[in-house]
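Just below is one structure, and these are the notes that go with it.
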Amino acid sequence: AAVEEIPEHRQKQIREAAPEKPRVEPEKPRTVLVFNTPDHLYDKDPHKGYCVPYGSYAMRALGEKSGAYEPVVSNDLAMFLPENIKRFDAIVLNNTAGQWITPSEADMKRPEFRKHGTDKEAVEKVLRQSLLDYVSGGRGIVGYHFVTGANRHWPEFLEMFGAAFAGHPWNE
């Protein structure tokens, strides 16, 4: 289930709203990972169809139009492996849902995951530490909206964002 395309008129509005250049010229080229919920969890993502595709498109358009960064839009958990995560200057978690840090059965069949362990728990431990090291090493992370509803089984993840989603207020 790839992220849906948004209507052309909305793409146009978003692209027109994006600035022509960055507010501050980057000292060096930047690469930003825009991470969406992986395919095996996407059907259950409460924000599929609207928040995820719009956020994904907006971050891509902003980087491309302003030249502030090169956007890499992905839902591949391999981006968080230690050998891959280091290529990014910042990460945007775009409404990611579910236990996305836990490798899927399909992930575990891939050589890049298997070299980090033979079972999901071992590989998840590597992925968790990779992200924690990335952030504690001074790299940037942004979480949109529902990010605090994801990875509820991982306390350090929720601590990183300072919150855990507990539902919308009754008056909404």
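In what follows, every heavy atom counts, from backbone to side chain, and hydrogens, waters and symmetry copies are set aside.
- Between Arg114 and Asp119 there is no salt bridge, since no side-chain N of the basic residue sits under 4.0 Å from a carboxylate O of the acidic one.
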Walk me through whether Phe88 and Val32 qualify under side-chain contact (heavy atoms from CB on, under 4.5 Å). CA-CA 5 Å; Phe88 302 109; Val32 174; over 6 Å; no

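- Applying the side chain to side chain donor-acceptor pair (under 3.5 Å) criterion to Asp133, with sequence neighbours excluded, gives Gln129.
- Residue Lys65 comes nearest to Pro19 through the heavy atom pair CG-O, 3.5 Å, listed as atom of the first residue, atom of the second, then distance.
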side-chain contact (heavy atoms from CB on, under 4.5 Å), that's the test. Do Tyr134 and Leu132 meet it? Break it down for me. CA-CA 5 Å; Tyr134 175 89; Leu132 293 173; over 6 Å; no

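- Between Phe80 atom CZ and Ile91 atom CD1 the span is 4.5 Å, to the nearest 0.5 Å.
- Hydrophobic clustering of Ile, Leu, Val, Met, Phe, Trp and Tyr side chains at less than 4.5 Å, counting indirect connections, unites Leu127 with Met108.
- Inter-residue side-chain proximity for Trp100 and Phe157 is flagged as met; some heavy-atom pair is nearer than 4.5 Å.
- Using a 4.5 Å heavy-atom cutoff, the side chains of Thr96 and Pro38 are not in contact.
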| query | Step by step, would you call Trp154 with Leu131 a side-chain contact (heavy atoms from CB on, under 4.5 Å)? | reply | CA-CA 12 Å; Trp154 181 20; Leu131 181 56; 4.0 Å; yes

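- Ion pairing between a basic and an acidic side chain is recognised when a charged N comes within 4.0 Å of a carboxylate O; Glu124 and Arg128 show such pairing.
- Across every non-hydrogen atom of Gly49 and Tyr42, the tightest pair is N-OH, 3.7 Å.
- Atoms OG and CZ, from Ser104 and Arg110 in turn, are 8.0 Å apart once rounded to the nearest 0.5 Å.
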May I have the list of side-chain donor-acceptor pairs in residues 52-60 shorter than 3.5 Å, sequence neighbours left out?
{"unit_1": "Ser56", "atom_1": "OG", "unit_2": "Asn36", "atom_2": "ND2", "d": "3.3"}
{"unit_1": "Tyr57", "atom_1": "OH", "unit_2": "Arg15", "atom_2": "NE", "d": "3.3"}

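- Rounding to the nearest 0.5 Å places CZ of Phe165 at 8.5 Å from CZ of Arg152.
- You'll find the side chain of Val126 reaches within 4.5 Å of the side chain of Pro82, heavy atoms only.
- Ile141 and Val34 fall into different hydrophobic clusters, where Ile, Leu, Val, Met, Phe, Trp and Tyr side chains are chained together by heavy-atom contacts under 4.5 Å.
- For the residue pair Thr31/Asp89, the side-chain donor-acceptor check at 3.5 Å is not satisfied.
- Rounded to the nearest 0.5 Å, atoms CD (Glu25) and OG (Ser66) are 9.0 Å apart.
- With Tyr69 contributing its side chain and Gly63 its backbone, the two residues share a donor-acceptor pair below 3.5 Å.
- Contact of the Leu81 side chain with the Ser130 side chain is not registered, since no non-hydrogen atoms from C-beta on lie closer than 4.5 Å.
- A distance of 8.5 Å separates CG in Leu93 from CG in Asn151, rounded to the nearest 0.5 Å.
- Between Arg30 and Glu70, none of the side-chain N atoms (NZ, or NE/NH1/NH2) sits under 4.0 Å from a carboxylate O, so this pair counts as no salt bridge.
- When every heavy atom of Ala68 is checked against every heavy atom of Pro26, the shortest pair comes out as O-CG, 3.5 Å.
- Linking Ile, Leu, Val, Met, Phe, Trp and Tyr whenever their side-chain heavy atoms come within less than 4.5 Å puts Val142 and Val73 in one cluster.
- In plain terms, the two heavy atoms of Phe113 and Leu77 that are nearest each other are CZ-C, 3.8 Å.
- Salt bridge status for Lys120 with Asp107: absent, with no side-chain N to carboxylate O gap under 4.0 Å.
- Looking only at side-chain heavy atoms (C-beta outward), His153 and Ile101 come within less than 4.5 Å of each other.
- Between Ile14 and Ala61, the shortest heavy-atom distance links the atoms CG2-CB, 4.2 Å.
- In this structure, Gly117 and Val123 approach most closely via the heavy-atom pair O-CG2, 3.7 Å.
- Thr37 contributes atom OG1, which lies 11.0 Å from atom NZ of Lys48 (distance to the nearest 0.5 angstrom).
- Gln11 places a side-chain N or O within donor-acceptor distance of the main-chain N or O of Ile6, the cut-off being under 3.5 Å.
- Glu83 is listed as a side-chain neighbour of His116, based on a closest heavy-atom distance under 4.5 Å.
- Within the 4.5 Å cutoff, the side chain of Phe35 has no heavy atoms near those of the Val92 side chain.
- Counting heavy atoms from C-beta on, the side chains of Arg87 and Leu33 never come closer than 4.5 Å.
- With sequence neighbours excluded, the residues that form a salt bridge (Lys or Arg N to Asp or Glu O under 4.0 Å) with Lys12 are Glu16.
- Clustering ILVMFWY residues whenever any of their side-chain heavy atoms sit less than 4.5 angstrom apart, transitively, puts Leu41 in a cluster other than the one holding Phe146.
- The closest side-chain donor-acceptor pair between Asn75 and Asp39 falls under 3.5 angstrom.
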